[in-house]
Amino acid sequence: NSNPFTLTGLSASTNFDAYVRANCGGAVSYWSLPTRFATLCGPTTVPYMENFDAYAMNNSSTIAPDNYPNDPMPTCWDFLNRDDRNQVFLTTRSGCAVHGNCLLFKLLQSTPTFAILPEFVNDIRNLAISFYLRKDGVSTMGRGIFIIGYLTDPNDTSTFVPTYTIGNNDFATGMHHIQEITFDSAPIGSRIAFKCQSTSSLIYYTLDNVVVDLLPNCRKPHDVVASNATTNSIDVAWTEMGGATAWNIEYGPIGFTQG
């Protein structure tokens with residue numbers, strides 16, 4: 001082979017090792033030390049799942065790694081406003097949303113931080129995202145906001161459009177499974193993104209088991225509201241997102257176990 005030599009037919013979004021040895025006719029040299037490289041990110045297929053466990057971690061705390069912000073991050077994700085005041089890094093801390101590695105947001109200021117998922121082959125209007133999220137901070141309620149939405153330009157925070165917001169008092173500390181968030185109005189070419197920020201003081205969010213897949217045939221209802229309470233009854237209404245004409249309802253005291 002010539003020097004330099006172009007390797008072709010590689011898969012996008014992939015990490016590689018390469019070795020070289022000299023061919024001296026009747027003899028060959030020892031192999032060189034490896035060089036590590038990665039191909040550029042291409043559109044990702046679904047179903048897509050990122051549990052962050054493929055990354056070798058030596059960090060098990062809420063303190064950023066020594067090499068931050070040059071530490072390993074999820075492949076083909078992009079981040080905006082990731083700095084010393086709004087830190088985002090991988091960790092294995094016991095407070096992860098799910099066992100193993102997770103992505104930790106350690107937020108100290110009101111400037112929002114954005115975590116942007118890879119580009120997908122499919123139009124995101126045909127996709128839904130689910131994930132596990134855990135909130136920890138100095139107060140049982142409040143002090144942070146976490147929003148799921150999309151960016152029409154992944155380099156411009158002003159193009160972010162919210163789809164689902166977890167506000168200050170919507171979400172107690174602990175782990176929650178957020179399911180089937182959709183992007184019905186997103187223009188073609190938009191990127192799914194998380195936007196999060198502190199609203200008063202130090203707050204931690206840990207994100208795990210992010211799954212993006214095609215919309216299910218039977219979609220969950222949105223915008224469930226209760227009204228017209230009496231001493232023994234209440235009206236419950238919702239927005240149907242598909243073509244269902246029959247629904248199941250479960251209810252019980254706050255914190256009851258479904259099923």
Side-chain angles (χ1 to χ4, degrees), residues 6-18 36-57 69-82 88-92 96-105 112-133 146-157 159-164 177-196 205-217 219-220 241:
T6 301
L7 300 172
T8 60
L10 305 179
S11 298
S13 315
T14 305
N15 296 312
F16 293 90
D17 285 332
R36 182 157 293 179
F37 64 90
T39 48
L40 297 179
C41 294
T44 301
T45 58
V46 295
Y48 167 84
M49 198 263 194
E50 178 59 86
N51 62 12
F52 309 109
D53 292 342
Y55 306 94
M57 297 302 306
N70 299 314
D71 50 317
M73 294 296 284
T75 301
C76 297
W77 287 47
D78 294 307
F79 297 86
L80 301 176
N81 299 339
R82 176 180 179 247
V88 186
F89 53 89
L90 294 170
T91 182
T92 60
C96 281
V98 182
H99 179 72
N101 295 349
C102 61
L103 189 64
L104 174 68
F105 298 81
T113 295
F114 296 81
I116 308 167
L117 271 69
E119 177 187 2
F120 291 100
V121 170
N122 307 79
D123 183 341
I124 68 169
R125 290 175 293 187
N126 300 320
L127 302 178
I129 187 171
S130 302
F131 54 91
Y132 284 88
L133 186 70
F146 197 97
I147 306 172
I148 303 91
Y150 57 87
L151 286 158
T152 58
D153 180 348
N155 299 305
D156 184 352
T157 61
T159 68
F160 180 80
V161 179
T163 297
Y164 183 84
H177 191 191
I178 313 298
Q179 296 175 289
E180 200 183 306
I181 307 302
T182 57
F183 312 93
D184 300 303
S185 301
I188 293 174
S190 300
R191 295 267 299 274
I192 300 171
F194 299 106
K195 173 184 177 181
C196 52
Y205 288 103
T206 56
L207 178 70
D208 212 346
N209 286 21
V210 177
V211 175
V212 178
D213 206 349
L214 294 172
L215 286 171
N217 292 328
R219 296 178 59 181
K220 73 173 183 180
M241 302 302 294

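- Put simply, the side chain of N209 reaches to within 4.5 Å of the side chain of M49, judged on heavy atoms.
- Not counting sequence neighbours, the partners of D123 by the side-chain hydrogen bond (donor to acceptor under 3.5 Å, both in side chains) test are R125.
- Counting heavy atoms from C-beta outward, W77 and I116 have side chains that stay 4.5 Å or more apart.
- Remark: C196 pairs with no residue by the disulfide (SG to SG under 2.5 Å) rule, at least two apart or across chains.
- Between N51 atom CG and H99 atom NE2 the span is 11.0 Å, to the nearest 0.5 Å.
- The six-membered or imidazole ring of F131 lies near that of F194, with a centre-to-centre distance under 6.0 Å.
- Shown here for P187 and S190, the closest heavy-atom pair between the two residues is O-OG, 2.8 Å.
- Within the 4.5 Å cutoff, side-chain heavy atoms of L117 are placed close to those of V212.
- Of the possible donor and acceptor atoms, one in the side chain of T14 sits under 3.5 Å from a partner among the backbone N and O of A12.
- Using a distance-only test at 3.5 Å, with no hydrogens or angles considered, no donor-acceptor pair links the side chain of T206 to the main chain of L103.
- Summarising the geometry, atom CG belonging to N126 is positioned 13.0 Å from atom CZ belonging to F120; distances are rounded to the nearest 0.5 Å.
- With a 4.5 Å cut-off on side-chain heavy atoms, T91 and C96 count as touching.
- Taking all atoms of both residues into account, the shortest heavy-atom contact from C102 to F52 is CA-CD1, 4.0 Å.
- Taking CG from D153 and CZ from R191, the interatomic distance works out to 10.0 Å, rounded to the nearest 0.5 Å.
- Counting only heavy atoms from C-beta outward, the side chains of V210 and I129 approach each other to under 4.5 Å.
- E50 contributes no side-chain N or O that, together with a main-chain N or O of P74, makes up a donor-acceptor pair within less than 3.5 Å.
- Shown here are the side-chain hydrogen bond (donor to acceptor under 3.5 Å, both in side chains) partners of D156, two or more places apart in sequence or in another chain: S158.
- One distance of note links CG of L80 with CG of N155; it measures 7.0 Å at 0.5 Å rounding.
- The minimum heavy-atom distance between V88 and R82, with the atom names listed, is O-NE, 2.6 Å.
- Within the 4.5 Å cutoff, the side chain of N122 has heavy atoms near those of the L214 side chain.
- The backbone N or O of N81 sits less than 3.5 Å from a side-chain atom of T113, completing a donor-acceptor pair.
- With respect to F114, the ring-ring contact (aromatic ring centres under 6.0 Å, His included) criterion is satisfied by exactly one of F146, F160, Y150: F160.
- Contacts classified as salt bridge (charged side-chain N to carboxylate O under 4.0 Å, His left out) and involving residues 205-217 (residues at least two apart or in different chains) are not found.
- Under a 3.5 Å cut-off, the side chain of N15 and the backbone N or O of A38 do not form any donor-acceptor pair.
- For the pair T163 (side chain) and F183 (backbone), a donor-acceptor distance under 3.5 Å is absent.
- By the side-chain hydrogen bond (donor to acceptor under 3.5 Å, both in side chains) test, S130 is found to be paired with no residue, residues two or more places apart in sequence or in another chain being considered.
- Atom OH of Y164 has 12 or fewer heavy atoms from other residues, nucleotides or ligands within 6.0 Å.
- In this structure, I192 and Y48 have side chains that are not in contact, with every pair of non-hydrogen atoms separated by 4.5 Å or more.
- C41 and S13 get closest at one heavy-atom pair: CA-OG, 3.2 Å.
- How far NZ of K195 is from OG1 of T157: 7.5 Å, rounded to the nearest 0.5 Å.
- Between Y132 and H177, the ring planes lie parallel to each other; the angle is under 30°, not in the 30° to 60° tilted range.
- If you take CD1 on I181 and CG on L127, they are separated by 13.5 Å, rounding to the nearest 0.5 Å.
- Residue-environment remark: CG (N217) stays at or below the threshold of 12 foreign heavy atoms within 6.0 Å.
- Every side-chain contact (heavy atoms from CB on, under 4.5 Å) that L215 has, sequence neighbours left out, goes to A128, T182, R219.
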